[in-house]
Amino acid sequence: MSSEQIRKISNLLTICIKAGKTVKGFDSVCTAMKENKIVCVLTASDTSAKTLKETAFMCDKYSIRLVNIPVTKEEIGRLCGKQTAVIGVCDSGFAGKFAQLAEENGN
């Protein structure tokens with residue numbers, strides 16, 4: 001993936017976080033999924049296999065799109081103040097843009 005694409009995703013994530021349209025952390029995202037508040041779930045590039053498997057299971061269960069983004073947990077921490085591997089997106093517009101960027105990069 002090009003550095004330009006990584007920059008686009010990081011910028012979009014920053015805007016999404018500042019707009020208050022995210023839920024951070026696996027447990028919080030799972031709770032929000034059960035409450036039908038999540039449109040898509042983003043996972044960091046360095047998410048552990050166990051967390052990725054559990055996140056994929058929950059996304060399948062609630063028919064929510066899972067998007068793996070090329071941003072590390074540490075980079076997410078710098079963007080939002082909390083280092084996490086799982087972020088739930090609560091807005092369909094942001095979710096659609098993340099999905100579009102992921103499709104452009106074959107994810």
Side-chain angles (χ1 to χ4, degrees):
M1 178 174 292
S2 74
S3 60
E4 175 67 17
Q5 291 301 101
I6 294 170
R7 187 187 61 75
K8 283 182 182 179
I9 290 171
S10 294
N11 289 345
L12 182 62
L13 183 57
T14 300
I15 294 167
C16 189
I17 291 166
K18 286 183 179 180
K21 300 297 183 182
T22 59
V23 176
K24 297 173 259 334
F26 178 78
D27 292 335
S28 298
V29 169
C30 288
T31 300
M33 277 191 223
K34 292 173 188 173
E35 295 170 353
N36 215 16
K37 294 180 180 177
I38 302 294
V39 180
C40 85
V41 175
L42 310 175
T43 56
S45 59
D46 57 348
T47 303
S48 72
K50 180 181 180 220
T51 301
L52 197 54
K53 181 180 175 183
E54 290 172 356
T55 304
F57 173 80
M58 291 298 290
C59 286
D60 284 345
K61 181 176 180 179
Y62 292 101
S63 301
I64 296 171
R65 177 158 185 160
L66 178 63
V67 178
N68 189 0
I69 58 174
V71 180
T72 66
K73 293 183 282 189
E74 185 178 326
E75 291 167 332
I76 290 171
R78 282 196 297 267
L79 294 173
C80 71
K82 179 181 180 184
Q83 187 171 338
T84 184
V86 181
I87 296 180
V89 178
C90 305
D91 181 86
S92 59
F94 283 117
K97 187 64 177 173
F98 280 115
Q100 177 187 350
L101 289 171
E103 286 173 9
E104 288 174 6
N105 297 294
N107 286 341

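On a predicted model such as this, the values are computed, not experimentally measured, just so you know.
- P70 and I6 get closest at one heavy-atom pair: CG-CG1, 3.8 Å.
- With contacts defined as side-chain heavy-atom distances shorter than 4.5 Å, the pair F94/T22 does not qualify.
- Here L52 pairs with T43, T47 under the side chain to side chain contact (heavy atoms under 4.5 Å, CB included) rule; sequence neighbours left out.
- With a 4.5 Å cut-off on side-chain heavy atoms, E75 and S10 do not count as touching.
- Other residues sharing the hydrophobic cluster of F57, ordered by chain and number and joined by side-chain separations under 4.5 Å: V23, F26, V29, M33, I38, V41, M58, Y62, I64, L66, V86.
- Residues I87 and L13 form a side-chain contact, since some pair of their non-hydrogen atoms from C-beta on lies under 4.5 Å apart.
- Between S48 atom OG and K73 atom NZ the span is 6.5 Å, to the nearest 0.5 Å.
- Residues A99 and V67 share a closest heavy-atom pair of CA-CG2, 4.5 Å.
- Pairs of residues two or more places apart, or lying in two chains, that qualify as salt bridge (Lys or Arg N to Asp or Glu O under 4.0 Å) and include a residue from residues 5-19 are E4-R7.
- Annotation: side chain of V89 is in contact with side chain of C16 (closest heavy-atom distance under 4.5 Å).
- Among residues two or more places apart in sequence or in another chain, the side chain to side chain donor-acceptor pair (under 3.5 Å) test is passed with T14 by none.
- The salt bridge (Lys or Arg N to Asp or Glu O under 4.0 Å) analysis of residues 44-58, with sequence neighbours excluded, yields the pairs K50-E54.
- Interatomic distance, N11 CG to L79 CG, rounded to the nearest 0.5 Å: 8.5 Å.
- Applying the side-chain hydrogen bond (donor to acceptor under 3.5 Å, both in side chains) test to pairs two or more places apart or on separate chains, none has a residue in residues 80-98.
- Take S45 and apply the side chain to side chain contact (heavy atoms under 4.5 Å, CB included) test, not counting sequence neighbours, and it matches T72.
- A distance of 6.0 Å separates CD1 of I69 from CZ of F98, quoted to the nearest 0.5 Å.
- For residues 32-42, every residue pair satisfying the side-chain hydrogen bond (donor to acceptor under 3.5 Å, both in side chains) rule, not counting sequence neighbours, is listed here: E35-K37.
- Atom NZ of K24 is surrounded by more than 12 heavy atoms from other residues, nucleotides or ligands within 6.0 Å.
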